[in-house]
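Only one structure is covered here, and it is reproduced in the block below.
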2 protein chains.
Amino acid sequence: MTPAALASVCYCAALRKATRRVTAIYDRALDKHGISLAQYSLLRTIRRRGPISLTELAAVMELDRSTIGRNVRVVEKAGWVRPADSLDQREAAIALTENGAELLLRAYADWAATQDAIAAKLGAGGAEALLEVLAGL
Amino acid sequence: MTPAALASVCYCAALRKATRRVTAIYDRALDKHGISLAQYSLLRTIRRRGPISLTELAAVMELDRSTIGRNVRVVEKAGWVRPADSLDQREAAIALTENGAELLLRAYADWAATQDAIAAKLGAGGAEALLEVLAGL
DNA sequence: CTAGGTTGCGGGTATATGCCCTCATAATGC
DNA sequence: GCATTATGAGGGCATATACCCGCAACCTAG
């Protein structure tokens, strides 16, 4: 049997299914703050990388530039992100607002609790192992 | 340090990023057949589960019913899927067409090669381990 | 200092995804 | 047998995602 025949389960389909499942868990935990996991992740990245251009943000998050543009538009409309100054007139640099920073603080406990729940489900060492495997993909 | 503080990397964000990356790899491999990984996976499930209702298909794939409805509409328009008979008048049962079955056969080699490439990247035992971990999520 | 290439974004288009509401059909209780 | 409940789809709405194209601003050769 070839390896592929052995693995009749598609790695990609399995990844996608697990991602949907896990995303739903985080989304439910963050729902009371009016934010999705994708948005929480976006804001966290913006907080860490300070004022940042859309292109650089896209590179960091490995998302298409246009995707970043649209996603940022949503959190900007919500008041969590604002345009930031930039020397390059082409650049649309953005930064976290006070409201955005406060939201991240408010939501942190729920995010962390979910992290712990996932880690517990993965068992001892499983969480680190998962992150390592995912990073290798 | 709490477990959450240790794991400053969000499991969900890591999963989502890896899934985007891997999906892009499969999508590129399947592109010459005019099909995406998501569609390939959908067709494969329809082939295996024979004529099936949208609700059952949604349950099997763990997707929202409305999502399945839309995704099926796309592959149906492409001629890979057709409506099937059903006793329940409410049900929209569907089945693979000849074209759909042939497409799956044509695309198989490229899918399998991608599977092997991913397995190689994961190393010995890594692939099985990944599937096991994902199934546990 | 201008011409041409480069880079940064936005918009158009399409799929993928989920939630909610509505409608039609089935099943069930009385 | 009819009223109520349950089930199956579909449509509206919103976000997430990618690709391509065009425009504007930069930058660099000459």
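Below, chains carry the letters A, B, ... as their sequence lines are ordered, and counting in each starts from 1.
- Atoms NZ (K77(B)) and P (dA16(C)) sit 13 Å apart, rounded to a whole Å.
- Within the 3.5 Å criterion, the main-chain N or O of D110(B) finds a donor-acceptor partner in the side chain of T114(B).
- A donor and an acceptor atom sit less than 3.5 Å apart, one in the side chain of R70(B) and one in the base of dG12(D).
- Heavy atoms of D64(A) sit under 4.0 angstrom from at least one base atom.
- Distance alone, capped at 3.5 Å, places no donor-acceptor pair between the S53(B) side chain and the A92(B) backbone.
- Spacing between atom CG of L37(A) and atom P of dG18(C) amounts to 14 Å, rounded to whole angstrom units.
- Residue T67(B) is in base contact, counting any heavy-atom pair closer than 4.0 Å across all strands shown.
- The listed nucleotides are dA9(D), dA26(C), dC9(C); the one nearest the side chain of E91(A) is dC9(C).
- Atom CG of L57(A) is separated from atom C1' of dC9(C) by 13 Å (rounded to the nearest Å).
- Applying the 4.0 Å criterion to OP1 and OP2 of dG11(C), one finds that R73(A) has a side-chain N or O inside that range.
- Counting heavy-atom neighbours within 6.0 Å of R82(A) CZ, excluding the residue itself, gives a total above 12.
- Within 6.0 Å of CD on E102(A) lie more than 12 heavy atoms contributed by other residues, nucleotides or ligands.
- Spacing between atom CG of L54(B) and atom C1' of dT7(D) amounts to 13 Å, rounded to whole angstrom units.
- Comparing dA16(C), dT17(D), dG18(C) against the side chain of L63(B) picks out dG18(C) as the nearest.
- OP1 and OP2 of dG10(D) both lie 4.0 Å or more from every side-chain N or O belonging to R90(B).
- When each of A92(A) and R20(A) is assigned the nucleotide of DNA chain C with its nearest heavy atom, A92(A) is the one assigned upstream, toward the 5' end.
- The side chain of T55(A) places no N or O atom within less than 4.0 Å of a non-bridging phosphate oxygen (OP1 or OP2) of dT7(C).
- Between Q39(A) and dA16(D) there is a side-chain polar atom (N or O) within less than 4.0 angstrom of OP1 or OP2.
- If you measure from atom CZ of R65(B) to atom C1' of dG12(D), you get 15 Å, rounded to the nearest angstrom.
- The side-chain tip of R47(B) does not point at the ring of W80(B) from less than 6.0 angstrom away and within 45° of straight on.
- Counting only distance, with no hydrogens or angles, the side chain of R20(B) and the backbone of E62(A) share a donor-acceptor pair below 3.5 Å.
- To the nearest angstrom, C1' of dT7(C) lies 8 Å from CG of D88(A).
- For the OP1/OP2 pair of dT15(C) and a distance below 4.0 Å, the side-chain nitrogens and oxygens of N71(B) include no atom meeting the criterion.
- Nucleic acid contact for R28(B): none, since no nucleic acid atom lies under 4.0 Å from a heavy atom of the residue.
- As rounded to whole Å, 15 Å separates atom C1' of dC23(D) from atom CD of Q89(A).
- The CD atom of E56(A) sits 15 Å away from the C1' atom of dC9(C) (whole-angstrom rounding).
- For S66(A) and dC19(D), the shortest distance from a side-chain N or O to OP1 or OP2 is not below 4.0 Å.
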